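Handing you this structure, nothing more for now.
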Number of protein chains: 2
Amino acid sequence: MKKISICLCLLLAAVSLSAQVKEDFKPATSNQPNHRYPMVNSERVVRAQVTAPDAHSVKLDIGGVKYDLVKDANGVWTGDSAPQDEGFHYYQIEIDGASVPDPGSLYFNGSSRWGSGIEVPAADEDFYALKNVPQGQVHEVYYFSSVTGSMHHCYVYTPAEYNKNPNKKYPVLYLYHGGGEDEHGWAQQGRTGMIMDNLIAAGKAVPFLVVMDNSSDTYGPNRPRPQMPAFGGPMPQGGQRPQGAPGQGAPQGGQRPQGGPGAMMGGFDFASAYQEILEKDLIPMVEANFRVVGDAQHRAMAGLSMGGMLTHSIALANPTLFGWLGIMSGGVFSVDEVAQAKGFRETNKLIFISFGSRELENRVMGYSDPKPINEELGKTGMNTVFYVSPNTAHEWQSWRRALYQFAQRLFK
Amino acid sequence: MKKISICLCLLLAAVSLSAQVKEDFKPATSNQPNHRYPMVNSERVVRAQVTAPDAHSVKLDIGGVKYDLVKDANGVWTGDSAPQDEGFHYYQIEIDGASVPDPGSLYFNGSSRWGSGIEVPAADEDFYALKNVPQGQVHEVYYFSSVTGSMHHCYVYTPAEYNKNPNKKYPVLYLYHGGGEDEHGWAQQGRTGMIMDNLIAAGKAVPFLVVMDNSSDTYGPNRPRPQMPAFGGPMPQGGQRPQGAPGQGAPQGGQRPQGGPGAMMGGFDFASAYQEILEKDLIPMVEANFRVVGDAQHRAMAGLSMGGMLTHSIALANPTLFGWLGIMSGGVFSVDEVAQAKGFRETNKLIFISFGSRELENRVMGYSDPKPINEELGKTGMNTVFYVSPNTAHEWQSWRRALYQFAQRLFK
């Protein structure tokens, strides 16, 4: 009993260092099974805890800020972050200068690495919760790319009714991750399966398939990797992220990338590198192995950040390939762009543009305000939607909400 | 140039501390994309490297042994392990007393945690390599368990031809992980998809489905978790592994678990806890959502270590449920057991028993030699196979090879 009291005192002492926080912490739902830490409280403060008896400095690194943890007599370090936005965040632990995953969390791909992630509860989290509704499936699929000469990896969501209707063909959405992320993003932290299952069960979305591919996997034996630009190029998987690049920084907004169709980042045309794979390998593989309707009216493309730039670029270069388009935190289509892309206007059924509210508040890259640009396009007779995720930034909660909004409007 | 020379000298100095190793190290195939470390050489030595400028002790913890890493002038720690067995190994990094995942590796579930794993090249690795052969799919499936009152998670492998033959029904194997592991084991480090695709493409196995469920997920709102035994009980996910329990230690071999059907670990009947879920929830879900033949002649069960004990126990309690049985590093069936289980002999088409050779050499738990026990059963007219994986222990390479051998004999 005495021992417990001492431990409690030490814990309280440690906690008191990090301001007055509400002591209603609960284990994060993104923790490894049976792990208590990290925790989150009702004020969206993250509390990390790591056992490191011989360390002299342990920090929680989340949201671009490092928070000191405090050591107790047992060598257990504990500390709190500032309040975070609702939703999912990448983070890491720094132990004596080493940046490592937290052994308490599950691991996610993003920020150009596999590492820790944490779910901060959200008022609207019900829409992406795992519930006992008819369950679709997420298929893990490897396919051979003739363009690169190597095996590629993607996920394909099929709705619950897919196995019950062996003769029915479905529409399909091609959905893309951001820079420093890959195909795992939408399948895991994006919670695409749960969002779709819940929408379909509620009658809010028509059943369709979702293909989640890795748009950064563009080189192989048949197409050697070119000299990369020193700064601002596409995010190589696992590499260092250049400052200001999509993924954490402000999005490229209304301004059309210089040089016309073909999304440019630091002068490197990453969209053209992927486009050929999409057309020659991925779409044919999907249409050969899944029951989908193979025309533009039943084919959508969308993406977040770099994936939105990809969508923008490929749609302008191939105006009759996709009938439904979504750009999440990654730009807009202008009246001029649509006018110059032959067949775009006639093919397109929906242009969905979304941002996190904090992205619009904190525009730092000098791009144009995307909302009026989208509204101008709407005035020309195009079906446009502009959605703003409340109180979120360039982060997954913005994109989960965007998918929830976009999916309800697709193929109707 | 001078700087490079200094760096090289420091590196060589560090390396020379760890005996004479062959300098033909290559990045492990299990690394995060674009990460050079950890590496493995042709002698199966693992070289780890971690940047930890302010640490005073960094170790590589692999195969139950900790190896000191040596710091260079840039705060980069490097060091080598002893030679490892061919195949896959769990490991971690220890930084000033904190046991954490290596930021260079991909992460795997096992040893009662998500953490680092490394692939050590094997002479026979071609059978589980990702190759450009017709690709099956691994489906991620959530299902509601009426027994526990909660959502469960499993994987289902379907062969490449599954989507091409919409009216054909297939046999199905229910395949189980070991203690401290879960459904991810066979789907990831077990390389079930690659092993099956390669076997089917070579005409060595008939096409069948493989269901990979989590047999440790046995409690929920409808069935509260009982008081756990203090030691030797089933491995709770994420908990501490008791010494000597399945997963790393010696397997329970020929000796029948005390107390009859119902595999016992430390007096806790984990098999009965799972059996009801298998019968009431999993098999009906699979048969409702996938095109499988729903009889014993087209239904197999197998598992490794604790999963082998599960197979043993469920097969004896339900002698007419599965026609084909495999136990990998997890025991045998005796003549008496089969004789006492009504309908077992008439239903069974194959009993496949396997071990890693080092498990048989290093039997430390005093169990009976499994080979003669299996041979006795064979003499009574049962179709028995005994496979020994060369130069491997209680580890994934033994079980990959066992699946490769077992799958070729199934449903023929």
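Keep in mind the model is a prediction, meaning the values are calculated, not measured. Letters A, B, ... are given to chains in the order of the sequence lines, protein chains preceding strands, and every chain is numbered from 1.
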Pick one of side chain, backbone, both or neither for A/Ile93, based on which atoms fall under 4.5 Å of a heavy atom in chain B.
neither

Segment of A/Ser99 engaging chain B (4.5 angstrom heavy-atom cut-off):
backbone

Quick check: under 4.5 Å, non-hydrogen atoms only, which of residues 153-165 of chain A neighbour chain B?
A/Asn163, A/Lys164

Contact origin within A/Met194 toward chain B - heavy atom pairs under 4.5 Å
side chain

Exercise: identify the closest heavy-atom pair between A/Met151 and B/Lys131:
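Looking at all heavy atoms of both residues, the closest pair is CE-O, 3.8 Å.
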
Which bit of B/Pro166 is near chain A, if near means a heavy-atom gap under 4.5 Å: side chain, backbone, both or neither?
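B/Pro166 has no heavy atom closer than 4.5 Å to chain A.
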
Heavy-atom pairs under 4.5 Å with chain B, option from A/Val100, A/Asn132, A/Val141 with the top count:
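Winner by heavy-atom pair count: A/Asn132.
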
In Å and rounded to the nearest 0.5 Å, what is the CG to NE2 distance from B/Leu130 to A/His152?
11.0 Å

All salt bridge (charged side-chain N to carboxylate O under 4.0 Å, His left out) counterparts of B/Glu94, not counting sequence neighbours:
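Checked B/Glu94 against salt bridge (charged side-chain N to carboxylate O under 4.0 Å, His left out); matches are B/Lys66.
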
Minimal non-hydrogen separation, B/Trp114 against A/Gln32, with atom names
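For B/Trp114 versus A/Gln32, the nearest heavy atoms are N-OE1, 2.8 Å.
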
Can you say whether A/Pro101 sits under 4.5 Å from chain B via the side chain, the backbone, both, or neither, judging by heavy atoms?
both

Is it the backbone or the side chain of A/Tyr142 that comes under 4.5 Å from a heavy atom of chain B, or both, or neither?
both

Could you pull out the closest heavy-atom pair between A/His56 and B/Asp54, with the gap in Å?
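Looking at all heavy atoms of both residues, the shortest contact is NE2-O, 2.7 Å.
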
dist A/Asp96:CG -> B/Asp96:CG (nearest 0.5 Å) comes out at 4.5 Å

